[in-house]
Amino acid sequence: MTQASEFRSRIQNEIADYISQEILRDATRKVSFEEPLISSGLIDSFHLVDLALFVEKTFTVRIDDTELRASVFDTVQALTDLILERMQGKAG
Amino acid sequence: MTTLVERLGEHYRQTPERVAIHCLTGDSVEAIMYRSLLDSAASAARDLIALGVQAGDVVIIIQPHGCDLITGFFGALLCGAVPSILAFPSEKLDPQRYARSLAALMDVTRPTALITNKRFEGEVHDVLSESGSSLRILISEAFSAGQQHDFMSLPGVDLSPDDVALLQHSSGTTGLQKGVALSHFSILTHVERYAEKVQMDVQDVVVSWLPLYHDMGLIAGFLMPVLLGATLVLMSPLEWVRAPYRLMQAVSHYGGTYSWLPNFAFNFCAQKIRDRDLQGVDLSSWRAVINCSEPMRLESHAQFIKRFAPYGLREEALGSCYAMAENVFAVTQSTIAAPVKVDRIDRRAFHEEQLAKPANMGTGSIAVLSAGRPLPKTQIRIIDETLNEVPERVVGEIALKSETLMTAYYRRDELTEDTFHDGWYLSGDLGYLANGELYITGRKKEIIIVGGKNIYPQDLEAIAGEVDGIHPGRTVAFGLFNEQLGTEDVIVVAEEDIEDPQARERLSEAVRQMINHGSDVAVRHVRVVPRGWVIKTSSGKLGRDANRQKYINTFLMEREGSYTIEEDAGA
């Protein structure tokens, strides 16, 4: 595994764990990286802002409130892409 | 006595340039003056008339937040029709299912027209044209441009105070929805009485993100300020839930004086706003932040005060209210600019004898927030199972009588009969009276309240029943209060004999998805249990309370007791 892909999978795991433990409150419910989160209602509207706060605190990049919708990201994978993009933007 | 249209006409003539509504969408604001509000509405009214809509016809409005929703609503009023705002489907909701439930509602309500936008019409076109071939559709993008009208020549002007002004629908996803028809007299009388009770006048600024398909949003957060001539700052519920700080920034920017919030919003704002988003925010203008439409918690108020006092929020600004669409809106209200009364009652007497005895020092107690005193000309009685009045501090069903109470559910005579007794409306809520104040402690009706939204468990059970392997009659849905969120979680328990844990997991996941796509709510936990688990009454009905209790005892023993009403941390 390259360093970049290792980094990516760490982010994905952290997000998936956060969703199952803190949002779904059910550690046994594993969240896959490809399953729809918002369009499926798995993360209800009450918890979208939690996800944004978590991302900001953990990865120090900001997800704007207008981006909390399925058309921007709907999976752990897509959210990870968004985070990596922001991180690179900041570094550059 | 006048009508809503006449009242609006007064504002149109006397203060045409006064801003009635600041409509906030994203970072843009539209300041709508009474003149433009009514000119646009008059144009929409003419569009409706051109479609053949007549006075007294029901016009359903399904629009996202924004100016078109407002124009459509007042347009229907001006043409003398009866507007009814329904929820705009969320992005998770299956459009076909939504359309089917809409068709069921239309069978009962029989609307003449639907006002909606292009996107929604496109999504549900087939179902709508199948079910209601005569339904006329007005697309908001095709509203005629507002122009100066003599809107006093529109049919809405000829209505009398006793005519039906609008229809409010209770929540629910199937034909279970109940329409409450409210007359012009009831609405205007209520608005005047309630404004007096909360001391609101034309100088006031109401800031609201509440949806308009719900009584709290429609009456307190929309019609009251517009009819009174106060200022309304209207935000999108969908934006607020993603960015709760926008409420605080709007209050600060516009000098907001009143807001109404369901209990969960107190927790939500307290927990989910960054310091950064509160920089420069001043909440000292807030005279009343009124908790209403779901069980009220002392803890929620405490969190809210702690979080926002540093930004100028005054503790006495927090208020409480007990309201229902059947009475237009408020039934009781706490005193403005005074602390909400807290009654500490004996826990044992409450649970075992349904008595609200003041707690003694050193015994287990429960803190109950007062919902305030009845509005003028509103009578409240607490009654027992045999419908007889009970003394103070005895818990029973809340019954009420008032001048603004609806007379019947719209085209649902069978429901009306069950809810009235001898002129008293039986609310289905439980509570007690003490020193003239009403305290709400629970409910008799089997309804789930999530974030102020009423959900029928029957609806969720029916949706779950569509999953292969789930059997109707052996699946039960109920609400469980979640202390952290300040509202209820939806729990579904389904009976199925499956040994394999993975298969059980797949089944519960399928139920979760079916409900999430098929209803307004997201389910918190789905638990598949062996046959014989679900408790039924002797007549074979699902006992939801009994099943909730069994669920707590079986799965949440360590948290026993925390799911009834608030335990007093100080005891």
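Each chain gets a letter, A, B and so on, in the order its sequence line appears, and its residues count up from 1.
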Using a cut-off of 6.0 Å, state whether more than 12 heavy atoms not belonging to B:Asp27 lie near its atom CG.
-> no
Minimal heavy-atom distance between A:Ser40 and B:Asn516, with the atoms involved, is O-CB, 3.2 Å
NZ/NE/NH1/NH2 to OD/OE distance under 4.0 Å, A:Arg25 and B:Asp489 = no
How close do A:Ser45 and B:Val241 get, heavy atom to heavy atom, and via which atoms?
-> O-CG2, 3.6 Å
NZ of B:Lys92 to CG of A:Leu42: how many Å apart, nearest 0.5 Å?
-> 11.0 Å
Which pair of non-hydrogen atoms, one from B:Phe268 and one from A:Phe46, has the smallest distance, and what is that distance?
-> CE1-O, 3.0 Å
Heavy-atom closest contact (A:Ile63 atom, B:Arg274 atom, distance) = O-NH2, 4.4 Å
Relative to chain B, which segment of A:Ile43 carries a heavy atom at a distance below 4.5 Å: side chain, backbone, both, or neither?
-> neither
Working to the nearest 0.5 Å, report the span between CG of A:Asp50 and CD of B:Gln271.
-> 8.0 Å
So which part of B:Glu239 gets closer than 4.5 Å to some heavy atom of chain A, the side chain, the backbone, both or neither?
-> neither
Value rounded to 0.5 Å, distance of CZ in B:Arg242 from CD in A:Glu67 | 12.0 Å
For B:Asn267, is it the side chain, the backbone, both, or neither that has a heavy atom closer than 4.5 Å to a heavy atom of chain A?
-> neither
CZ (A:Arg62) and CZ (B:Arg276) are apart, to the nearest 0.5 Å, by 3.5 Å
Determine the option with the most heavy-atom pairs under 4.5 angstrom with chain A, choosing from B:His525, B:His517, B:Gln513.
-> B:His517
Residue A:Leu68 versus chain B: region with a heavy atom under 4.5 Å = both
Would you give the length of the straight line joining atom NZ of B:Lys272 to atom CG of A:Leu53, rounded to the nearest 0.5 angstrom?
-> 8.0 Å
Give a yes or no on this: more than 12 heavy atoms of other residues, nucleotides or ligands lie within 6.0 Å of atom CD of B:Gln502.
-> no
Rounded to the nearest 0.5 Å, how far apart are CG of A:Asp44 and CG of B:Leu485?
-> 8.5 Å
Exercise: identify the closest heavy-atom pair between A:Gly41 and B:Ala522 | O-CB, 3.7 Å
Would you mind telling me which of A:Glu56, A:His47, A:Arg69 has the largest number of heavy-atom pairs within less than 4.5 Å of chain B?
-> A:Glu56
